[in-house]
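FYI, the numbering just counts along the sequence from 1.
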Amino acid sequence: MANDEQKTGTIEHKAYARIGLLGNPSDVYYGKTISLSLANFWASVKLQPSADLVIVPHPTHDLVQFKSLTHLVNRLQNEGYYGGVRLLMAVCNVFTNHCKDNKIDLHERNFTLSYETNIPRQSACSLVVKMSIWLSGSSAIVCAALSCLLDFYNVRHLIKVEVRPNIVLSAEKELGIVAGLQDRVAQVYGGLVYMDFSKKYMDELGHGIYTPMDVSLLPPLHLIYAENPSDSGKVHSTVRQRWLAGDEFIISTMEEVANIALEGKTALTEKDYTKLATLINHNFDLRRAMFGDDALGALNIKMIEVARKVGAASKFTGSGGAVVVYCPDGPSQVQLLEDACKQAGFILAPVSVVPSRLNEIDIKTMSPQ
């Protein structure tokens, strides 16, 4: 592909879905998390030089031609109004403003941007909103586009790796997407990453401290999800407001969730998978205590219960919609889980982890820790 790109000027990058393994949702509460990049699902963006600047609508996700009025209405009811075009426009805007603010010169040549994704969509929800919920697909599109822009303008060496997740998040915030940095860090870095979002770092640096970990430390993991989920709950419910209001239970429990990531870092380093299983389960139990079943959604809870009934450890990959599972008893337990998922109407897939996405230029931009 490198030779083809040199001949045609075409630049293409992928960004992958992520799994929040431990510590979420403390990332938006000055906490700590461990996340990994999931090779099973991805978004790719292609940039080609062109006379005019063109954002190409996706033939499926940005559909504007319909067979009938009924087709249009059904489409909107099932998948919402928006696809990925506005994500690409937003990242172009935020990237340009970042470069202006930091006195980074950009050439005047134009390009055409197009995208592809295989990240599952959720009924009754737009691509943009849905993808930010459980596998972070909206940020995957933005992250892949940002990588294309960095290379097209030859500024990769001028924008630190630690700052790039902020650029991705800023683009999404322009579109009303409420999220934290965790997903964007996982997608920019790739692989397995421990993240510390302590208030001190966020206030002083504007970002957290991100520590890549060896993906070989991970045991075999699986993903449970529903092909057509319809009950995702209310996602963050009133927890944020209670935390801001100083609710002692929420504050102390969220600190406990953050500490799970710290303990998990040690457990992974020592390959103490018994401890890891305990931490995975405890992470979900603490989330459930804070958010309540109504906010989490019955379907999401059912996925957890299906895994736990066969003795597997399980928790949400994000705010709901999919579950990450560890089967400590090995293949026989995985088979039991597969049977249980089929009976419940869920999909079970082995997790394939993406290695680090950072190249030599990226690594040179990283701040010493």
Review point. For D105, does the CG atom sit with more than 12 other heavy atoms under 6.0 Å from it, leaving out its own atoms?
Key: no

Point to revise | For the student: nearest non-hydrogen atoms of S44 and E12, plus distance | key: OG-OE2, 3.9 Å

Review point. Rounded to the nearest 0.5 Å, what separation is found between the OG atom of S26 and the CZ atom of F197?
Key: 8.0 Å

Revision key, fill the gap. d(L21 CG, I280 CD1) to nearest 0.5 Å is 5.0 Å

Practice item. Using the rule that two of Ile, Leu, Val, Met, Phe, Trp, Tyr join whenever any of their side-chain heavy atoms come within less than 4.5 Å, decide whether L150 and L53 are in one cluster. Key: yes

Check your understanding: Under the 6.0 Å and 45° cation-pi test, does R240 pair with Y29?
Key -> yes

**Study point:** Linked, directly or transitively: L146 and I104 (ILVMFWY side chains, under 4.5 Å)
**Key:** yes

Review point. Is the count of non-hydrogen atoms from other residues, nucleotides or ligands lying under 6.0 Å from M89 atom CE greater than 12?
Key: no

Practice item. Take N283 and V257, measure what side chain to side chain contact (heavy atoms under 4.5 Å, CB included) needs, and give me the verdict at the end. Key: CA-CA 6 Å; N283 200 145; V257 171; 3.8 Å; yes

Review point. Would you say I141 and V56 are hydrophobically clustered, going by side-chain heavy atoms of ILVMFWY under 4.5 Å?
Key: no

Check your understanding: Considering all heavy atoms of both residues, which atom of A267 and which atom of L279 are nearest to each other, and what is their separation?
Key -> CB-CD1, 4.4 Å

**Study point:** Check: F249 main-chain N/O paired with S252 side-chain donor or acceptor under 3.5 Å
**Key:** yes

Point to revise | Residues L221, V353; criterion side chain to side chain contact (heavy atoms under 4.5 Å, CB included); working and verdict | key: CA-CA 9 Å; L221 299 171; V353 183; 5.8 Å; no

Check your understanding: Which heavy atom of A15 sits nearest a heavy atom of A140, and at what distance?
Key -> CB-O, 3.2 Å

Exercise for review: Could you check if a side-chain atom of H282 sits within less than 4.5 angstrom of a side-chain atom of E256, using non-hydrogen atoms only?
Suggested key: yes

Exercise for review: Give the C-alpha distance, both sets of side-chain angles, the deciding distance and a yes or no for salt bridge (charged side-chain N to carboxylate O under 4.0 Å, His left out) between R184 and E172.
Suggested key: CA-CA 10 Å; R184 290 88 201 151; E172 293 178 279; 2.6 Å; yes

Point to revise | Distance in Å, N300 CG paired with F291 CZ, rounded so as to fall on 0.5 Å steps | key: 12.0 Å

Review point. Going by heavy atoms in the side chains, are L106 and V155 under 4.5 Å from each other?
Key: yes

Check your understanding: Looking at side-chain heavy atoms only, is the closest gap between S68 and H71 below 4.5 Å?
Key -> yes

**Study point:** Value rounded to 0.5 Å, distance of CG in L337 from OG in S332
**Key:** 11.5 Å

Practice item. Taking the side chain as every heavy atom from C-beta outward, state whether V306 and V323 have any pair of such atoms under 4.5 Å apart. Key: no

**Study point:** Side-chain donor or acceptor of E162 paired with backbone N/O of S367 under 3.5 Å
**Key:** yes

Check your understanding: Do P328 and T274 come close enough that some side-chain heavy atom pair is under 4.5 Å?
Key -> no

**Study point:** Hphob cluster co-occupancy, I34 + I209, side-chain heavy atoms under 4.5 angstrom
**Key:** no

Check your understanding: Do V324 and K315 have side-chain heavy atoms sitting under 4.5 Å apart?
Key -> yes

Review point. Would you say the side-chain atoms of D151 pair up with the backbone N or O of R156, donor to acceptor, closer than 3.5 Å?
Key: no

Check your understanding: Hey, mind stepping through V215 and L36 against side chain to side chain contact (heavy atoms under 4.5 Å, CB included) and telling me if it holds?
Key -> CA-CA 8 Å; V215 297; L36 57 96; over 6 Å; no

Review point. If every non-hydrogen atom of T365 is compared with every non-hydrogen atom of K160, which pair is closest and at what distance?
Key: O-CG, 3.3 Å

Check your understanding: How far apart are the closest heavy atoms of C99 and I159, and which atoms are they?
Key -> SG-CD1, 4.3 Å

Practice item. Report the C-alpha separation of N24 and Q182 in whole Å, then their side-chain angles, then the decisive distance to 0.1 Å, and conclude whether the side-chain hydrogen bond (donor to acceptor under 3.5 Å, both in side chains) test is met. Key: CA-CA 8 Å; N24 55 312; Q182 175 190 202; 5.1 Å; no

Check your understanding: Is there a donor-acceptor contact under 3.5 Å from the side chain of N40 to the main chain of S352?
Key -> yes

Review point. Are any side-chain N or O atoms of Q333 and backbone N or O atoms of V310, one a donor and one an acceptor, separated by less than 3.5 Å?
Key: yes

Study note, to complete from the structure: Between the CG atom in L244 and the CD atom in Q241, the distance rounded to the nearest 0.5 Å is 7.0 Å

Point to revise | Non-hydrogen atoms of N118 and F41 that approach each other most closely | key: OD1-CA, 3.2 Å

Check your understanding: Between M366 and Y210, is any pair of side-chain heavy atoms under 4.5 Å apart?
Key -> no

Practice item. May I ask you to decide if L336's main-chain N or O and D339's side chain share a donor-acceptor pair within less than 3.5 Å? Key: no

Point to revise | Salt-bridge contact D196-K265 (side-chain N to carboxylate O under 4.0 Å) | key: no

**Study point:** Under 3.5 Å: donor-acceptor pair, side chain of R357, backbone of Q187
**Key:** no

Exercise for review: Would you please classify the geometry between the H58 ring and the Y115 ring as parallel, tilted or perpendicular, with 30° and 60° separating the classes?
Suggested key: tilted

Review point. Can you tell me how far CD1 of I347 sits from NE2 of H222, rounded to the nearest 0.5 angstrom?
Key: 14.0 Å

**Study point:** Shared hydrophobic cluster, I363 / V185 (ILVMFWY, side-chain heavy atoms < 4.5 Å)
**Key:** yes

Check your understanding: Do F95 and F152 make the cut of ring centroids closer than 6.0 angstrom?
Key -> no

Check your understanding: Judged by atom type as modelled, is there a donor-acceptor pair below 3.5 Å linking the side chain of T33 to the main-chain atoms of D27?
Key -> no

Check your understanding: Hey, do the aromatic rings of Y201 and H207 have their centres closer than 6.0 Å?
Key -> no

Review point. Looking only at atom types and distance, does a side-chain atom of N110 sit under 3.5 Å from a main-chain N or O of S50, one as donor and one as acceptor?
Key: no

Review point. Should L268 and M213 count as side-chain neighbours, where that means a heavy-atom distance under 4.5 Å?
Key: yes

Practice item. Report yes or no: does S314 contribute a side-chain atom to a donor-acceptor pair with the main-chain N or O of V325 at less than 3.5 Å? Key: no

Review point. Stepwise, does the side chain to side chain contact (heavy atoms under 4.5 Å, CB included) test hold for K32 with N259?
Key: CA-CA 7 Å; K32 303 174 181 68; N259 195 55; over 6 Å; no

